**Student:** 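Below are the structure tokens for one structure; questions will follow.
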Amino acid sequence: MKNEANQNSRSDYRAKRKKTNYILNGLIVLVLVLIMIVAYNIFVSDNDHASSTNHETSKTVQKERTTKKDSNKVPTTTKEKNSSNDSEKVKDDQEDQDTTTGTADDSQAVSTDGGSTANVIKTIENPSWKPVGTSQTGEHSPVYDTTSADWQEMISALSYATGIDQSNMSVYWLGRDKSTSNASVGTVYSKDKQQKYRVFIKWVDGEGWMPTKVEELAELER
């Protein structure tokens with residue numbers, strides 16, 4: 001009986017020990033699983049953080065590049081815009097004046113020998129002549145100041161009538177034509193003095209100076 005009791009006791013002890021081992025092994029496995037989960041979460045979190053940091057860094061670099069690129073652009077100032085607008089206006093005004101004056105139709109010119117003095121080789125009149133245009137407004141009276149707008153417009157009319165470019169034209173004399181109201185007469189010549197003319201011009205209200213007669217001269221005179 002005693003041996004049987006001892007055998008039963010040993011059997012119970014082994015069963016309890018075996019059960020304890022199962023529990024310990026289970027706990028060990030559970031701890032390992034928890035460690036793996038925690039390690040995985042840490043790894044994933046670090047990757048997400050690194051990815052987020054890289055993304056933010058990339059955005060910052062891109063923004064800095066964009067800002068630098070924009071800063072390198074030369075802004076168009078109000079002064080430059082006004083200068084550009086003024087240049088366009090001058091260009092348009094010049095084109096309008098060129099269109100107005102243009103070149104007379106020489107086919108309509110009427111030429112006769114002689115003129116108002118013995119020094120005149122021939123006299124030319126052309127019905128196709130037009131006023132050269134004007135920037136002046138209001139009541140007009142001839143102004144013979146070389147810095148005035150009126151003077152410059154008279155020079156344009158003399159150049160238009162004779163066909164001598166202003167850059168190649170010299171003014172010998174320019175003054176009032178006493179025989180006609182609001183009219184002027186000028187003597188001009190080319191710089192090589194091969195062309196010499198006396199030109200009569202009259203004022204047309206709102207339209208400027210218009211040639212009326214050109215005399216070709218043998219020698220320069222008023």
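Position 1 is the first residue of the sequence, and the numbers go up from there. Please read these numbers as outputs of a predicted model, since none were measured by experiment.
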**Student:** Linking I/L/V/M/F/W/Y whenever any side-chain heavy atoms sit under 4.5 Å apart, do Val199 and Trp203 land together?
**Tutor:** yes

**Student:** Between Phe200 and Glu215, is any pair of side-chain heavy atoms under 4.5 Å apart?
**Tutor:** yes

**Student:** Hey, what do you get for CE (Met154) to OG (Ser159), rounding to the nearest 0.5 Å?
**Tutor:** 14.5 Å

**Student:** Which heavy atom of Leu174 sits nearest to which heavy atom of Ser184, and what is that distance?
**Tutor:** CD1-CB, 4.5 Å

**Student:** Hydrophobic cluster membership, with links at side-chain heavy-atom distances under 4.5 Å among I/L/V/M/F/W/Y: are Ile37 and Val29 in one?
**Tutor:** yes

**Student:** For Glu221, check salt bridge (charged side-chain N to carboxylate O under 4.0 Å, His left out) against everything at least two apart and list the hits.
**Tutor:** Arg198

**Student:** Rounded to the nearest 0.5 Å, what's the gap from OG1 on Thr137 to CG on Asp205? Could you check?
**Tutor:** 11.5 Å

**Student:** Taking all heavy atoms of Lys213 and all of Glu125, pick out the closest pair and write down the distance.
**Tutor:** CG-CG, 4.0 Å

**Student:** To the closest 0.5 Å, what do you measure between CG (Asn25) and CG (Leu30)?
**Tutor:** 12.5 Å

**Student:** So which atom in Ala157 and which in Pro211 form the shortest heavy-atom distance, rounded to 0.1 Å?
**Tutor:** O-CG, 3.8 Å

**Student:** For Lys191, give me all partners under salt bridge (charged side-chain N to carboxylate O under 4.0 Å, His left out), at least two apart in sequence or on another chain.
**Tutor:** none

**Student:** Could you tell me whether a side-chain N or O of Thr123 sits under 3.5 Å from a main-chain N or O of Gly114, the two making a donor and an acceptor?
**Tutor:** yes

**Student:** Tell me yes or no: between the side chains of Ser148 and Asp150, is some donor less than 3.5 Å from an acceptor?
**Tutor:** no

**Student:** Check the pair Ile164, Tyr197 against side chain to side chain contact (heavy atoms under 4.5 Å, CB included), reporting the backbone distance first and the verdict last.
**Tutor:** CA-CA 10 Å; Ile164 304 175; Tyr197 299 101; 3.9 Å; yes

**Student:** Between Trp129 and Val214, which heavy-atom pair has the shortest distance, and what is it?
**Tutor:** CH2-CG2, 3.6 Å

**Student:** Between Asp177 and Ile201, is there a donor-acceptor pair closer than 3.5 Å when you use the side chain of the first and the backbone of the second?
**Tutor:** no

**Student:** Do side-chain atoms of Asn119 reach the backbone of Leu217 as a donor and acceptor pair under 3.5 angstrom?
**Tutor:** no

**Student:** Is there a path of hydrophobic side-chain contacts, each under 4.5 Å between heavy atoms of I, L, V, M, F, W or Y residues, that connects Tyr160 with Val171?
**Tutor:** yes

**Student:** Could you check whether Glu153 and Thr134, counting side-chain N and O atoms only, form a donor-acceptor pair closer than 3.5 Å?
**Tutor:** yes

**Student:** For side chain to side chain contact (heavy atoms under 4.5 Å, CB included), just list the numbers for Leu158 and Trp209, CA-CA rounded to whole Å, side-chain angles, deciding distance to a tenth of an Å, and then say yes or no.
**Tutor:** CA-CA 9 Å; Leu158 300 180; Trp209 290 98; over 6 Å; no

**Student:** For the atom pair CG (Asp165) and OG (Ser190), what is the distance rounded to the nearest 0.5 Å?
**Tutor:** 11.5 Å

**Student:** Only counting residues at least two apart or in another chain, list the ones meeting side-chain hydrogen bond (donor to acceptor under 3.5 Å, both in side chains) with Thr187.
**Tutor:** none

**Student:** When rounded to the nearest 0.5 angstrom, what distance separates CD in Glu216 from OG1 in Thr162?
**Tutor:** 11.0 Å

**Student:** Do you know the tightest heavy-atom contact between Asn126 and Asp105?
**Tutor:** ND2-O, 2.9 Å

**Student:** To check you understand the geometry: which heavy-atom pair defines the closest contact between Tyr189 and Lys196, and what is its length?
**Tutor:** CB-CG, 3.9 Å

**Student:** Other residues, nucleotides and ligands only: do more than 12 of their heavy atoms fall within 6.0 Å of CG on Asp192?
**Tutor:** yes

**Student:** Look at the aromatic rings of Trp151 and Tyr144 and report parallel, tilted or perpendicular, splitting at 30° and 60°.
**Tutor:** perpendicular

